[in-house]
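This report concerns only the one structure given below.
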Amino acid sequence: MEIIHRGAAEIVPEEELKQKLYRSIKNGQPLRIKLGLDPTAPDIHLGHTVVLNKLRQFQDIGHEVHLIIGDFTGRIGDPSGKSETRKQLTEEEVNANAATYKEQIFKVLDPKKTIIHFNSQWLMKMNFVDVLNLAGRYTVARMLERDDFAKRYKEGLPIGIHELMYPLMQGYDSVELRADVELGGTDQKFNLLVGRNLQKEYGFEPQIALMMPILEGTDGVQKMSKSLGNYIGVNDEAYDMFGKVMSIPDSLIVRYFELLTRVPMEEIKTLQSAMEKGEINPRDVKIRLAKHIIAAYHNEEEAAKAEERFKLVFSQRDIPEDIPFVQITEREVWLPKFLQENGMVDSSSEGKRMIQQGAIKVNAVKQVDENLVLEENMVIQVGKRKFIKVRILV
RNA sequence: GGAGGGAUACCCAAGCGGCCAAAGGGGGCAGACUGUAAAUCUGUUGGCGACGCCUUCGAAGGUUCGAAUCCUUCUCCCUCCA
């Protein structure tokens, strides 16, 4: 129970979960833990892993994870809301995304205890009678309890009938699955509870809703998301990951430890109080955090290497060893263009700006001239973290 | 169905015939300080081998030597009335 509690934002109702766990232990029957996935975003980042980690913990104590890929909604397209019409996905796209998902998700989950479903399996088969039957089990008033519906209704903004159906579809997945527990972010609370109610309506044992907090991104304010550019992807390079973790604000350190690592809570608490008392530099705690995270998605060795390189580049302001080479044939170059061609800046105008602002270094010396004669093994640096090394082709 | 108001760069928001590649703020990027933290200060924020040229102010036309600014049509959004 303590394991399950860690990091959880809310468990509804907690008492029932205890009973289910107890019963499971007694009769050796694993619980069915559900998580729904959107088939449109195949790039998993640490924000997603908050929930995945919790699933993993369930697996570790013997339970069974059921992932539902929401290919049905993805395939019919969601015409709702202001956000421009979501594009319909073809079957191939859905499958391709699902494959990517698996590859990334199994960095956290145990494949042996994971079962993947597609909700089109049952939703596609329903006819209008079935749909009405489902819809008849819920009322508009209850649907309007949901925050964003309530708000829109009050403000006289449009709510599509089909939008009212989405929670029902998701909830129906739980019915089909006979889910014991459904996980989701706190933003999913309403949907998870609809699932619970529908199960009751259909005469099954209702699921427990377990909400995990929404993780803040590296900026420390907004939720982690790819479009905001404040994410750390599970497929990120080890060194990159290290840098991103190091750039999070101090206020997030403990949270990240709790939600993203397997470090025991007592240890985290010790670190926290040590930081508060000033006995330990938050930076060093962050280094530990970064190593834990990288070890989870790469390995210990990579983590150590990343740390070493990080210290070299940032603490000692030195040039790292393993810089990518660019092969060139012309020795005399106009730097703004050269930087652009090698992906160091977006445009030559930006390149010029960078030079003016003193952001460009050649062999660790600030470069002020736009023209440059390249030499073998010359190291060109943009900003703090972008390096390339010159190799001349004859 | 009728009457008004609006659409400006990544976001918010000024501009209302030339001085507008477009004020200000936010965000981003870079520099200083640092611990690639926070806070602070500074610079920068369409493209182009560039004291000039090209594309941008919802879309398409038009007036004018000259338009983000005026006119016409269209699209979308908001407010009020029915």
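A note on names: the letters A, B, ... follow the listed sequences, proteins ahead of strands, and every chain is numbered from 1.
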> Using the P atom in both, what is the distance from B:G6 to B:C10, to the nearest Å?
Replying inline: 23 Å
> Which base sits across from B:G66 as a Watson-Crick or G-U pair, both distances under 3.5 Å?
Replying inline: none
>> I'd like to check, for A:Trp334, whether its ring lies over the base of B:G49 with centroids under 5.5 Å apart and a plane angle smaller than 30°.
In response: yes
> Under the side chain to side chain donor-acceptor pair (under 3.5 Å) criterion, do A:Glu176 and A:Gln121 qualify, and how do the steps go?
Replying inline: CA-CA 10 Å; A:Glu176 278 288 331; A:Gln121 274 166 11; over 6 Å; no
> Taking any strand in view, what nucleotide pairs with B:C76 in a Watson-Crick or G-U wobble way, both distances under 3.5 Å?
Replying inline: B:G6
> Contact class for A:Gln222 vs. all strands (heavy atom < 4.0 Å): base, sugar-phosphate, or nothing?
Replying inline: nothing
>> From C-beta outward on A:Asn371, which listed nucleotide comes closest to its side chain: B:G49, B:U44, B:A30?
In response: B:G49
> Could you give the CD-to-P distance, from A:Glu350 to B:A9, as a whole number of Å?
Replying inline: 20 Å
> Which residue, A:Arg288, A:Lys286, A:Lys291, forms the salt bridge (Lys or Arg N to Asp or Glu O under 4.0 Å) with A:Glu307?
Replying inline: A:Lys291
>> More than 12 heavy atoms of other residues, nucleotides or ligands under 6.0 Å from NZ of A:Lys189: yes or no?
In response: no
>> Base, sugar-phosphate or nothing for A:Ser349? Non-hydrogen atoms, less than 4.0 Å.
In response: base
> From B:A30, B:A37, B:G47, pick the nucleotide closest to the side chain of A:Ser347?
Replying inline: B:G47
>> Of the options B:G35, B:G47, B:A38, whose atoms approach the side-chain atoms of A:Pro249 most closely?
In response: B:A38
>> Let's see if you can work this out: which of B:C48, B:A30, B:G35 has an atom nearest to the side-chain heavy atoms of A:Ala359?
In response: B:A30
>> If I pick the P atom on B:U72 and the same atom on B:C78, what distance separates them, to the nearest angstrom?
In response: 24 Å
> Is a salt bridge present between A:Glu15 and A:Lys18, judged by a nitrogen-to-oxygen distance below 4.0 Å?
Replying inline: yes
>> Does A:Ser348 reach a base, just sugar-phosphate, or nothing at all? Heavy atoms under 4.0 Å.
In response: base
